[in-house]
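Letters A, B, ... are given to chains in the order of the sequence lines, protein chains preceding strands, and every chain is numbered from 1.
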Number of protein chains: 2
Amino acid sequence: MAESERSGRLAMAMKEQQRGDVYAPECPSRGVLDHVTSRWGVLVLVALLEGTHRFSSLRRKVAGVSEKMLSQTLQALEQDGFVLREAYPVIPPRVDYSLTPMGREVATRVEELAEWIEENLPRIMVAREQHSTRRRSS
Amino acid sequence: MAESERSGRLAMAMKEQQRGDVYAPECPSRGVLDHVTSRWGVLVLVALLEGTHRFSSLRRKVAGVSEKMLSQTLQALEQDGFVLREAYPVIPPRVDYSLTPMGREVATRVEELAEWIEENLPRIMVAREQHSTRRRSS
DNA sequence: CGGTATCCTCGCCGATACTG
DNA sequence: CAGTATCGGCGAGGATACCG
């Protein structure tokens, strides 16, 4: 490529907190992308787009997730500033999870992706059959 | 045979369903979502949005991916009808990968997500710092 | 209720070697 | 050049038990 001072520019970009680059393996954006697109991260973000949920409510909505993974996923999303965790010191304990304004922005994009897949699943299933049929005829 | 009969009825039921549900653990849309949002799937889709790439070209663009994972990722995306694989019987071998029309639709949504993260990485990094300092003050 | 701690397994994934 | 085959680690993630 044209730029010969690649490592220099990268270090500068990190220090100045410039735009990320998901193609750079060491860029923090990779980690954020991994959190957001993780198996449970996607579902949690879309679920919270509906509104505030409690832990157990989320667990029911996101069917199949274990307590551990839900907890880890929420912690990662909270660290990145996408999820707000509000714990009330009552008995029994109550914790509410909701999206931050930034979380709503990213979750909207995730939802658009998820909805496209849901709506176009029939086309995908047809493509899968055509793909396996093609193996026999070739 | 019995197996093809059964899978046929399953595919038929899927087509009749008209829409997937990512919250249903057994719905095929979960698998599609996993392919699309997988570590390398995201990067491959966005890379192919630029245009046709050869195997080695993709490997260079998607820095850090191994031959095996790139191959597996491409096969999964090809099966789902997102990627078109064209092999030419020449020496040395040449294989071109490109997006199908359906692939372009899904890749566009993935790219919007990736770009949002790249552009807003500074905000996220700030949120991370605020999160770690908040632990002490509360 | 809303977690954490611990153990353990499965399969993802990288490394290496080999093929058309 | 564009893969496949095979092995092995190691970490994601489930199961279980326990705590505030």
State which residues pass side chain to side chain donor-acceptor pair (under 3.5 Å) with A:E86; sequence neighbours excluded, sorted by chain then number.
none
d(A:E115 CD, B:S29 OG) to nearest 0.5 Å is 12.0 Å
Rounded to whole Å, CG of A:D34 lies from C1' of C:dC13 at a distance of 14 Å
Within the structure shown, what part of the strands sits under 4.0 Å from A:Y88 by heavy-atom distance: base, sugar-phosphate, or nothing?
nothing
Rounded distance in Å - CD (A:Q72) to P (D:dA12):
8 Å
Nearest whole Å is fine: how far is C:dG3 P from A:D96 CG?
10 Å
Taking any heavy-atom pair under 4.0 Å as a contact, classify B:R85: base, sugar-phosphate, or nothing.
sugar-phosphate
Got a donor-acceptor contact below 3.5 angstrom from the B:S71 side chain to the B:E67 backbone?
no
Please walk me through it: do B:D21 and B:R19 pass salt bridge (charged side-chain N to carboxylate O under 4.0 Å, His left out)?
CA-CA 7 Å; B:D21 178 13; B:R19 185 192 171 92; over 6 Å; no
Closest non-hydrogen contact found for B:E111 with B:L49 is OE1-CD2, 3.2 Å
Partners of A:P25 by side chain to side chain contact (heavy atoms under 4.5 Å, CB included), sequence neighbours excluded?
A:R30, B:A63
So does A:S56 get a side-chain nitrogen or oxygen closer than 4.0 Å to the phosphate oxygens (OP1/OP2) of C:dG2?
yes
Between B:Y97 (side chain) and B:E78 (backbone), is there a donor-acceptor pair under 3.5 Å?
no
Is there a side-chain polar atom (N or O) of B:S71 under 4.0 Å from OP1 or OP2 of D:dA2?
no
Gap between atoms CZ and C1', on B:R59 and D:dA2 respectively (whole Å):
11 Å
Non-neighbouring partners of A:R60 that pass side chain to side chain donor-acceptor pair (under 3.5 Å), sequence neighbours left out:
none
What is the distance, rounded to the nearest whole Å, between atom CZ of A:R60 and atom C1' of C:dC1?
11 Å
Distance check needed: D:dG3 P versus B:Q75 CD, whole Å only.
8 Å
Along nucleotides 14-20 of chain C, 5' to 3', which nucleotides get a B, which get an S, and which get a -, given that the test is a protein heavy-atom distance under 4.0 Å?
BB----B
Spacing between A:L70 atom CG and D:dG14 atom P, to the nearest angstrom:
11 Å
Scan residues 42-55 of chain A against DNA chain D and write down, sorted by residue number, each residue with any heavy atom closer than 4.0 Å; if none is found, say none.
none
With a cut-off of less than 4.0 Å, is there a side-chain N or O of B:Y97 near OP1 or OP2 of D:dG3?
yes
Write out all pairs satisfying salt bridge (charged side-chain N to carboxylate O under 4.0 Å, His left out) with one or both partners inside residues 48-58 of chain A, taking only residues at least two apart or from two chains.
A:E50-A:K61
